[in-house]
There are 4 protein chains.
Amino acid sequence: MYSKFDNLAYEKRASIINASMQEFTDKGYQLASTNEIVKRAGISKGSLFNYFNNKKDLYLFLIEYAIEVSREIMTEIDFNQTDLLERLKQITVIKLRVIKKYPEVFNFLQGVIAEGSEEVKRDVERITMQFAQESYQKLYENLDYSKFRDDIDIQKAIKTIYWTIEGIGNESKEKIKSNNAESFDVDAPFKEMDDYIELFQKIFYK
Amino acid sequence: MYSKFDNLAYEKRASIINASMQEFTDKGYQLASTNEIVKRAGISKGSLFNYFNNKKDLYLFLIEYAIEVSREIMTEIDFNQTDLLERLKQITVIKLRVIKKYPEVFNFLQGVIAEGSEEVKRDVERITMQFAQESYQKLYENLDYSKFRDDIDIQKAIKTIYWTIEGIGNESKEKIKSNNAESFDVDAPFKEMDDYIELFQKIFYK
Amino acid sequence: MYSKFDNLAYEKRASIINASMQEFTDKGYQLASTNEIVKRAGISKGSLFNYFNNKKDLYLFLIEYAIEVSREIMTEIDFNQTDLLERLKQITVIKLRVIKKYPEVFNFLQGVIAEGSEEVKRDVERITMQFAQESYQKLYENLDYSKFRDDIDIQKAIKTIYWTIEGIGNESKEKIKSNNAESFDVDAPFKEMDDYIELFQKIFYK
Amino acid sequence: MYSKFDNLAYEKRASIINASMQEFTDKGYQLASTNEIVKRAGISKGSLFNYFNNKKDLYLFLIEYAIEVSREIMTEIDFNQTDLLERLKQITVIKLRVIKKYPEVFNFLQGVIAEGSEEVKRDVERITMQFAQESYQKLYENLDYSKFRDDIDIQKAIKTIYWTIEGIGNESKEKIKSNNAESFDVDAPFKEMDDYIELFQKIFYK
DNA sequence: GATGAATGAGAATTCATTCAT
DNA sequence: GATGAATGAATTCTCATTCAT
């Protein structure tokens, strides 16, 4: 698929990936300029279009690359942990570790999800859908639901938990954006997560 | 601010607002074409730039206009209802009524929130932030929290409720998008809301 | 169709038509540069694409324009002249008069016929076909074939005449190209035509 | 001239010639892609530009090669046949035999004649002109014109014959193009040629 | 006030040719 | 000798904004 690009030296590849992700993250698909990308990556215009047939191909490649990186999270989950809340706690820790390691990848992916451009929408959906389903499935695999109260709808409880975790994540991002990012305590979300998980144990479990 | 535009005849103003909102909703800020807008609105290019200095001004005006319409929701809330969950139920009903009355305004606002264009991001935030805070404040004004269990953090409970309601809303939108919009039962989210509120009463209230 | 262009001042229109025809004649469809055209015509890049949606549209417009000019020839034929050879003589005179008046149009049309670019081939055929058929029909309308010898195939005789006239035309053009065009005696082809027509009378007529 | 290329193994040379001719025939000079040529020929980009300095050189080489092949026709003409019409008949037969043997060469040559690209026009003319003159000369060498009627201009008669034969050829090509090429009767033009030659005997000979 | 033709910088993409390996 | 990645000028086309009428 992207064989010409894959054969490049590691450093060059990294430079192009970084430059492209940065530009797409900053401006979104449509506004991102291939001119700017080649300038940032320090390569010629012709080269970029040698590696990738066109702007869209480059964008889709980056998504696939970002998903590959994200898969790291999945591989580290301990599936012997059958308690949903404990597993979520665990995942959050892993996730944050990976985000710290590859922050630009996650900023990029966040931008991809928000991307509204008709030109790439369908392909983005096609590519991300599979990963989303696969992740979702793994997330709830081999869980023991017997701890939940008998008088509640467990599916609704799980969704409530899921949306709350999402909410914490988004709130953290907002805080990072509005304050200057440097002064942000990276461990604060974990402390908060713990508090919420304690709450959930109290209200959802027997 | 927009005095030239405000002095226009009502019909012309409406035509321009409709045409612009439609175009911005359809294509997003960057891709929206002023050519298309003037064509849809039946005015000349020069006129548009007489009323609004530039594309960005027009966009920001529309946001302010949409917020003005949205304020209607606030005015109808019954602040004598001090039960949080009952109030949320009530608000959801009002909200849906307004959405049905001005669907294009809400489609536009939804697009605004998703808008990623660096060129307008800051200004959009500035304008929407105020309304968001103001709404948030009113939402939780004059509430009686004594019904909540004493052994939980009420702030966290409220946030959980808030994020869950958001989650239901987003899920509905996703369903509308993936299925064909016509076959969607507009009252289904309300039924679901009721179920969740019942759940919340069971787990958060004494 | 080309309403924006049609509304332009005569001089501007002429300037654009000339510049475009020259460029297309010089380089052919593919190699003709819209950059060069706007430079020659003294207009901005944007303007050209305001008048014509794209390069192809401009090219097709020029063909239609050239055909319109060529139609002048048809209107002047005297259809009371029922002798084929006399009529051909007459047409050649008219044709040369028009060519002298609009030489660039005929150079352009000649290039169009030779044009091989896949991108426009079909459309060029569609547009020129109709005119070609229409011209051919008129050419042989209301003729008296009784003068032809009875022992020959009249259709083959006519084709021979037709191809010979074409041959004279092409030979003249070649001569103009190889010699410097100025020293070319514009009336020479007519003298030659007369000689050939005399020959044809001798060999094909009773 | 093309010594580097001439020293290559026969098979490689043939492969490059075939690939190049095909590409030039398909797309014309300008649009023909050296990338496509090296891909079709199974050689590297660098090699192509080692053998030929540039695209133009390659094109001109192919023309010279094609002319070399075409010369075969000349060698087979029977110059004892002094009757012009009989000789023309004979040449047509030889020509068709060679075309059937090397169809790609003739397709290529046909494309060369139609080629309008300014960049190669002059050189193409220079190269083909010589062969054209040489062929023309041979064609009319050692002929007996005594069979022609005394009351006509023999030169004009010959030109008429020449242009008519050209016309038949072009008409056949048109027919092949418009109908599907497969259903075309390859011997039909010969039948027609015979009819025309019979006509010419009747009208031009004593 | 209203008009809409004109602008031109900037977009994505192509491709013959070079040259270090 | 052979390779194929790298180059960058040139291509067509877009569109918010201006300004003379």
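Lettering follows sequence order; numbering is per chain, from 1.
Interface remark: the Lys45(D) side chain does not form any donor-acceptor pair with the dT18(E) base, using a distance-only criterion of under 3.5 Å.
Side-chain N/O atoms of Asn35(C) include one lying less than 4.0 angstrom from OP1 or OP2 on dT11(F). Listed pair Lys12(D) / dA2(F) meets the phosphate criterion, a side-chain N or O lying under 4.0 Å from OP1 or OP2. Within the 4.0 Å cut-off from OP1 or OP2 of dT7(E), at least one side-chain nitrogen or oxygen of Ser47(C) is found. Residue Ser44(C) has no polar side-chain atom (N or O) positioned under 4.0 Å from OP1 or OP2 of dG8(E). Contact annotation: Ser33(D) does not reach the phosphate of dC15(E) (side-chain N/O to OP1 or OP2, under 4.0 Å). Look at Tyr51(B) and you'll find a side-chain N or O under 4.0 angstrom from OP1 or OP2 of dA2(E). Close to dC15(F), at under 4.0 Å from its OP1 or OP2, lies no side-chain N or O of Thr34(B).
Remark on DNA chain E: of its neighbouring residues Gly42(B) and Lys55(A), the 5'-side contact belongs to Gly42(B), judged by nearest-heavy-atom nucleotide. Of the residues near DNA chain E, Asn50(A) and Ile43(C), the one whose nearest nucleotide (by heavy atom distance) lies more toward the 5' end is Ile43(C).
Atom-to-atom distance recorded for Phe49(D):CZ and Lys4(D):NZ is 13.0 Å, nearest 0.5 angstrom.
Side-chain atoms of Lys55(B) come within 3.5 Å of backbone N or O of Gln30(B) as a donor-acceptor pair.
The shortest side-chain heavy-atom distance between Ile127(A) and Glu64(A) falls under the 4.5 Å cut-off.
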